[in-house]
Amino acid sequence: MTKNLVIVESPAKAKTIGGFLGSDFTVKSCMGHIADLSKKDLGVDVEKGFEPNYIVSPDKKKIVGELKKLAHDSDFIWLASDEDREGEAIAWHLMETLGLKKESTRRIAFHEITKTAILEAIANPRELDMNLVDAQQARRILDRLVGFELSPLLWKKIKPSLSAGRVQSVAVRLIVEREDEIRNFTAVSSYRISGDFVVHDGKKLKTLNAELNKRFQTKEEALNFLKQCMDVQYTVEDVETRPARKSPAPPFTTSTLQQEASRKLGFSVANTMRVAQELYESGKITYMRTDSVNLSDMAIAMAKKEVTATFGEEYVKTRKYATKTKGAQEAHEAIRPTYLSNKSIEGDRSGKRLYDLIWKRTIASQMADAELEKTNVTIGITGKTEKFVARGEVIRFDGFLKVYMESSDEDSTEGQEGVLPPLKTGEKLLLSIMTAQQKFTQQPYRYTEAALVKKLEELGIGRPSTYAPTISTIQKREYVVKEERPGVQRSYDFISLKDKKISEEVRNETVGNEKGKLFPTDIGGLVTGFLVQNFDNIMDYNFTATVEEEFDVIAEGKLAWKDMLKEFYFPFHEKIEGAMENTKRVKGEKLLGTDPATGLNIYVKIGRFGPMAQLGESDAEEKPRFSALKKGQSIDTISLEETLDLFKLPRVVGDFEGTEVLVSAGKFGPYVKHKSAFYSLPASDDPLSVNLARTIEIIELKRHADIKKVIREYPEDADIKVLNGRYGPYIAFKKENYKIPRGKTAADLTYDDVKAIMAANEPTKSKSKKKK
DNA sequence: CAGTGAGCGAGCTTCCGCTTGACTT
C-alpha cells in the first residue's frame with residue numbers, strides 16, 4: 001500500500017479532508033507559516049543582495065518535527081497549502097525544511113473544501129511555482145525592511161517601543177486625517193421646510209408628509225416663506241410611479257462579515273473573528289479568513305433547495321458573484337454555513353447570532369431581487385414656484401428582503417418612505433402644519449473598527465488574516481483609542497405655521513455623540529506627522545497598491561525579486577539615515593499659559609513616557625516640575641485649568657496612626673499612600689477633594705479584603721502562603737506563584753503538602769518576566 | 001505596580017501574514 005501524506009494549513013481542514021480520502025492518506029496541518037525571517041536582527045543580509053535568513057518559528061518546532069517523521073515514512077507528500085502567494089511560500093518552506101525530494105513531492109491546491117474539488121486536485125498535481133514564492137519573499141522582506149528600519153527611528157526621535165509599518169502606519173494616518181477634517185469642519189445651516197397634509201383615504205384621514213424642494217439659507221427667508229403660505233392653496237400637480245429593484249449583497253468575506261457584525265450585532269472586529277473561529281473549528285461554517293465572494297456549486301445547489309423549500313420557487317435566483325476587491329487572492333470560498341439546511345445551531349449566544357447572520361446573508365444572496373414601486377407626488381402652491389414633494393415606496397415583491405437586508409454606516413435618511421395614501425392629480429390638499437427647521441451640514445464620520453477595515457480593504461491594504469490584528473496593534477501602541485465621547489448641545493430654530501398662526505421657538509439637540517469610534521492620540525498624531533513629512537512614499541495611500549503591482553510582475557516571472565527590492569531599499573535607507581542625522585526629537589511642545597500662583601510658564605509636550613505637562617523652563621536654574629497627563633487628556637485639547645490641577649498632586653490629606661496619608665496619581669490611576677502601602681482610589685473619588693476620613697475608610701477596606709485573601713499561613717515559613725487570587729486559590733512564595741493541582745482543597749493543604757507541590761511543579765510564569 | 005523628564009550607556013522594543021492553543025494572579 002502506498003503511503004501518502006497531505007499537508008494543509010489548518011487542522012479543521014485536515015480533519016474534513018481526511019474524511020474524503022482513503023486510509024492510504026494521512027492528512028496533517030502545518031498551522032500556517034512554519035519558517036520566518038530571524039527576529040534577532042534584520043533577518044536580511046542587504047549587502048549580499050537581500051539574502052534572507054529563515055529560521056523555523058519557535059512555536060512551530062514541534063509540528064515540524066512531527067511532519068519530518070511522517071514525511072520520512074511516506075511514499076508521497078502532497079503539499080496542499082492555499083493557492084495564493086503565502087500558500088506557495090508555505091509549501092516551499094515545507095519542502096526546504098522537511099528536506100523533501102522533488103520526485104516524491106506533489107503540489108496541489110483547491111479553492112473549496114468539497115470532495116470533488118479535493119479529488120480533482122489530487123488528479124492534477126503541479127510543481128512549485130518559484131515565481132510566486134519569489135513574489136512572497138519580496139513582500140515579506142520589504143515589510144521587514146520598512147518595519148525594522150522605521151521603528152528604531154521612532155524610538156530615537158519620539159518614544160521607545162513605538163512601531164511603524166506598511167499597513168499600520170497608513171491605518172493610523174486615516175484616523176488622524178479624519179480627525180483633522182472634523183476639527184476643520186464648520187457646520188453650515190439651512191432651513192428645511194416640511195408640510196403635513198390631510199388626505200382622505202376612504203373614510204380614514206391620513207397624514208401626508210412632504211418636503212419643499214428648496215431650502216432657505218436664512219431664518220428671515222424661511223419665516224417669510226411661511227408667512228406667504230398663510231392664504232394659499234395646495235394642489236396635487238403630479239403623481240409619478242415607477243418600478244425599482246433591489247438586489248441582495250454578495251456572501252460574506254472577512255471584511256464584510258466584520259462590518260455587518262459590527263453594525264447589526266455590535267461586535268468588535270476581534271470578537272467577530274474569535275466567534276467565527278469557533279464556528280469554523282466546530283465545522284459549522286467554512287473558513288473565516290477569505291477575500292472571496294464565491295460559493296461552490298454544491299453550496300449554491302444547497303441554497304436553491306433551501307430557498308425553494310422555505311419560501312417557494314419564485315424566491316430562487318442563483319447568482320455567481322465576482323470579487324471586485326483590490327489584490328484579492330481568492331484561495332477560499334466565501335464565508336457560509338457548511339450545511340445550509342441548518343437554519344440555526346446549538347451553542348452560546350454570540351455563536352448563534354453570528355451563525356444566523358451568516359446563514360441569512362448566504363441564503364439571501366441566492367434569492368430573487370425585491371421589486372419595489374416608488375412614488376413621487378408633487379404638490380403645487382398657488383402663486384409660488386416652489387413645490388412640495390412627497391416620496392413613497394411600496395414593496396411589490398419582497399424577494400431576498402424576506403431574509404436579509406444589508407446595513408449602512410450612515411444614518412438613515414429622513415422622511416417618509418412607506419406607503420402613500422391614494423392621490424389624484426388636481427386634488428386639493430388641506431395643510432395641517434408647516435414647519436421650518438434649521439438643519440446643519442454633518443461633519444465627516446469617525447471610523448469604527450469595522451469601517452476602518454472597509455477602508456483598508458478598499459485601498460488594498462492588509463489581508464483578511466491581518467485586519468483584526470492590525471486594529472488591535474494600533475490600539476496597543478496607543479496611536480488610537482476606541483472610545484465613547486459625549487456630544488455637545490446645539491440649539492436650532494424651529495418655526496411652525498398652524499391654523500394661520502406662526503410660532504417661533506429655539507430647540508436643543510445633542511450632536512457628535514460618539515460610541516465605539518476610533519480617535520487618534522497625541523502620539524498617533526505626532527508619529528503620523530513625522531512619517532508623512534519624512535517618508536511620504538510609504539505613507540501614501542497607494543503605496544501598497546503600487547508595490548503589489550510589482551509583486552504581480554515578479555509572480556509572472558518578468559522581474560527578479562532582488563532587483564525590485566534594490567530599487568526600493570537604497571533610496572529608502574538613505575532617507576532613514578538622513579532623518580536619523582538631521583531631524584530633531586519630536587516633542588509637539590506647546591506653551592499653554594502661565595501659572596497664576598508662580599507666574600511660571602506651563603507647557604505640554606510628549607516626553608519619553610508619553611504626554612506630560614511642564615511647569616517652568618527646562619533650562620532655568622530651578623528645575624521645572626513635571627506631571628503626566630491623565631488618561632483621555634490630550635495635549636491638543638487640554639485646558640490651562642486642567643493642567644494646573646495636575647500639579648495639585650501629590651497632596652497630604654492628614655495623619656492616620658501617626659503617619660502621613662498621601663494622595664497622588666500614578667501610572668495606574670489615583671492612589672492613597674500610607675506607611676509605604678498603596679491603595680487604589682476608586683473612580684468615584686476625586687483625588688483633588690477626597691478627605692482624610694474617606695481615605696481611612698479606603699485603607700481599612702483594603703486591609704479587610706487582604707485578610708480574606710489569605711487562606712492559610714504556616715508558622716514553619718512566613719514566606720509561604722495560600723492566597724485567593726483572581727483565578728482561584730494559589731500558593732505564593734516570595735515573588736513566585738504555584739498552581740494548586742486539581743482535586744486538592746486549598747484550605748486543607750498542610751505545610752508538607754505545599755512543600756511537595758512546590759518541589760514537583762514549576763512556578764507559573766508571570767507576564768512581567770516573560771512576554772509572549 | 002504606584003514616577004519618571006539631565007546625560008551616559010546597557011539592553012530592550014519593532015514589521016506583515018499564515019495558523020492555533022496555552023496561559024494569565
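Each chain gets a letter, A, B and so on, in the order the sequences are listed, and its residues count up from 1.
The C1' atoms of B:dT25 and B:dT4 are separated by 27 Å, rounded to the nearest whole Å. With P as the reference atom, B:dC23 and B:dA2 are 28 Å apart, rounded to whole Å.
Using a 4.0 Å heavy-atom cutoff across all strands shown, A:D82 reaches sugar-phosphate atoms only and no base atom. Looking at heavy-atom distances under 4.0 Å, A:S161 makes contact with a base. Residue contacts shown for A:V167 are limited to sugar-phosphate atoms, with no base heavy atom under 4.0 Å away. A:R139 comes within 4.0 angstrom of a base, heavy atoms only. Counting non-hydrogen atoms under 4.0 angstrom, A:R477 reaches the backbone sugars and phosphates but no base. In this structure, A:G165 reaches the sugar-phosphate backbone alone: every heavy-atom distance under 4.0 Å involves primed, P, OP1 or OP2 atoms, never a base. Using a 4.0 Å heavy-atom criterion, one finds that A:G462 contacts the sugar-phosphate atoms exclusively. Across all strands, A:P11 comes closer than 4.0 Å only to sugar-phosphate atoms, never to a base (heavy-atom distances). Residue-level contact check: A:E149 touches neither bases nor backbone, having no heavy atom under 4.0 Å from any strand. In this structure, A:G616 reaches neither bases nor backbone, as no heavy-atom distance under 4.0 Å exists between it and the strands shown. When heavy atoms are screened at a 4.0 angstrom cut-off, A:A89 is found touching no nucleic acid atom at all.
The phosphate of B:dC15 has OP1 or OP2 within less than 4.0 Å of a side-chain N or O from A:Q168. Phosphate contact (OP1/OP2 of B:dT4, side-chain N/O of A:R608, threshold under 4.0 Å): absent. Contact check, A:S664 against B:dA2: no side-chain N or O comes under 4.0 Å of OP1 or OP2. In this structure, A:Y467 does not reach the B:dG17 phosphate: none of its side-chain N or O atoms is under 4.0 Å from OP1 or OP2. For the OP1/OP2 pair of B:dC18 and a distance below 4.0 Å, the side-chain nitrogens and oxygens of A:S465 include at least one atom meeting the criterion. For B:dT20, one of the phosphate oxygens OP1 or OP2 lies less than 4.0 angstrom from a side-chain nitrogen or oxygen of A:S10.
Distance from the side chain of A:F609 is smallest to B:dG5 among B:dG5, B:dG17, B:dT20. Considering only side-chain atoms of A:T466, the nucleotide from B:dT4, B:dC16, B:dT14 that sits closest is B:dC16. Which of B:dT19, B:dG5, B:dT20 sits closest to the side chain of A:E281 comes down to B:dT20. With B:dG5, B:dG3, B:dC16 as the candidates, the nucleotide lying closest to the side chain of A:Y671 is B:dG3. Taking every side-chain heavy atom of A:K60 into account, B:dT19 is the closest of B:dT19, B:dT14, B:dT20. Candidate nucleotides B:dC15, B:dT19, B:dG17 were compared by shortest atom distance to the side chain of A:Y287, and B:dT19 ranks first.
For A:R140 against B:dC15, a side-chain-to-base donor-acceptor contact under 3.5 Å is present. On a pure distance criterion of 3.5 Å, no polar donor-acceptor pair joins the side chain of A:S618 and the base of B:dA6.
With a 6.0 Å cutoff to the six-membered ring centre and a 45° limit on the axis angle, A:R166 does not count as a cation-pi contact of A:F543.
Atom P of nucleotide B:dA2 and atom NE2 of A:H674 are separated by 19 Å, given to the nearest angstrom. Across the protein-nucleic acid pair, A:R144 atom CZ and B:dT13 atom C1' stand 13 Å apart, rounded to whole Å. Rounded to an integer number of Å, the gap from OH of A:Y569 to C1' of B:dC15 is 14 Å. The CG atom of A:L94 sits 13 Å away from the P atom of B:dT19 (whole-angstrom rounding). When rounded to the nearest whole Å, the span between CZ of A:F535 and C1' of B:dC15 equals 15 Å. Regarding A:E617, its CD atom lies at a distance of 16 Å from the C1' atom of B:dA6, rounded to whole Å. Look at CZ on A:R463: it is 9 Å from C1' on B:dG17, rounded to the nearest Å. Rounded to an integer number of Å, the gap from A:L37 CG to B:dT14 P is 17 Å.
Using a distance-only test at 3.5 Å, with no hydrogens or angles considered, a donor-acceptor pair links the side chain of A:S81 to the main chain of A:G87.
With 3.5 Å as the limit, one finds no donor-acceptor pair spanning the side chains of A:E333 and A:H111. The closest side-chain donor-acceptor pair between A:T254 and A:Q258, if any, does not fall under 3.5 angstrom. No hydrogens or angles considered: nothing links the side chains of A:D291 and A:T253 as a donor-acceptor pair under 3.5 Å.
Using cut-offs of 30° and 60° on the angle between ring planes, the pair A:H93 and A:H33 is perpendicular. Ring-plane geometry between A:Y54 and A:W92 is classed as perpendicular, the angle between the planes exceeding 60 degrees on a 0 to 90 degree scale with a lower cut at 30.
Taking the six-membered ring where the residue is Trp, the centroids of A:Y671 and A:Y679 are separated by 6.0 Å or more.
Heavy-atom distances to DNA chain B give each of A:K39 and A:Q329 a nearest nucleotide, and the one nearer the 5′ end belongs to A:K39.
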